[in-house]
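Here is the structure we will look at, set down as structure tokens.
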Amino acid sequence: MPEDAIKDRVAAIRQLLDAFRMERVVYMVVTLICLAIVITIAVVLAVHGKAQLIEIGGLVLSSGGILASAGRILQMWSDAIHLLARFPQEQES
């Protein structure tokens, strides 16, 4: 692989990382908040020994938030990888 193509790929990766920085931070914050909720509810359940509707709802909603934000982060990386996979072919054409 020519050195110019490698430099172009590295520049494209840096540009993508910079473009999606704020979105990644938001998804990370959402994930951390949901994780804190899950841990808090787990501690409450361990102390009290029984779950009420609010605890069950909190577990379902916060685990769904983790799933959604992780899915968006993975989709973002997948789109970036697909873009970079096409990158050399478009240059050669």
Side-chain angles (χ1 to χ4, degrees):
M1 180 180 279
E3 192 170 322
D4 289 340
I6 292 172
K7 287 181 182 178
D8 289 342
R9 280 185 179 208
V10 170
I13 290 170
R14 284 190 181 141
Q15 186 176 7
L16 284 171
L17 287 174
D18 289 340
F20 293 121
R21 183 176 311 271
M22 189 61 180
E23 189 174 356
R24 287 191 338 255
V25 168
V26 168
Y27 289 136
M28 247 354 186
V29 168
V30 168
T31 301
L32 290 174
I33 290 170
C34 290
L35 185 62
I37 292 170
V38 167
I39 291 171
T40 303
I41 292 173
V43 170
V44 167
L45 289 175
V47 170
H48 292 299
K50 62 179 181 175
Q52 294 185 8
L53 187 58
I54 189 106
E55 286 92 1
I56 294 170
L59 284 174
V60 170
L61 290 175
S62 59
S63 61
I66 292 170
L67 181 66
S69 63
R72 288 298 305 152
I73 290 172
L74 291 174
Q75 181 65 40
M76 188 177 6
W77 280 108
S78 177
D79 291 346
I81 289 171
H82 287 299
L83 179 68
L84 290 176
R86 290 192 327 250
F87 188 74
Q89 295 169 353
E90 290 176 357
Q91 277 190 337
E92 293 172 5
S93 300

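Just the heavy atoms: all of them, side chains too, but no hydrogens, waters or symmetry mates, feed the values below. Note that the structure is predicted; figures quoted are calculated from it, not measured. Here, residue 1 is the first one in the sequence, and each next residue gets the next number.
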Tell me which donor-acceptor pairs under 3.5 Å the side chains of residues 34-48 have, and how far apart each pair is, sequence neighbours excluded?
| unit_1 | atom_1 | unit_2 | atom_2 | d |
| --- | --- | --- | --- | --- |
| T40 | OG1 | A36 | O | 2.7 |

Rounded to the nearest 0.5 Å, what's the gap from [atom1] on [X] to [atom2] on [Y]? Could you check?
X: E55; Y: L53; atom1: CD; atom2: CG; result: 9.0 Å
X: F20; Y: Q15; atom1: CZ; atom2: CD; result: 10.0 Å
X: I66; Y: L61; atom1: CD1; atom2: CG; result: 11.5 Å

Q: Quick one: which residue pairs count as a side chain to side chain donor-acceptor pair (under 3.5 Å) with a foot in residues 58-69, not counting sequence neighbours?
A: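 For residues 58-69: T31-S69.
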Q: Only pairs at least two apart or in different chains count here, so list each salt bridge (Lys or Arg N to Asp or Glu O under 4.0 Å) that has a residue in residues 56-76.
A: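 Salt bridge (Lys or Arg N to Asp or Glu O under 4.0 Å) check on residues 56-76 returns E23-R72.
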Q. How would you list all residue pairs meeting salt bridge (Lys or Arg N to Asp or Glu O under 4.0 Å) that involve residues 24-51, not counting sequence neighbours?
A. none
(Q) My understanding is that only residues two or more places apart in sequence, or in another chain, count here; which of them pass salt bridge (charged side-chain N to carboxylate O under 4.0 Å, His left out) with R21? (A) D18
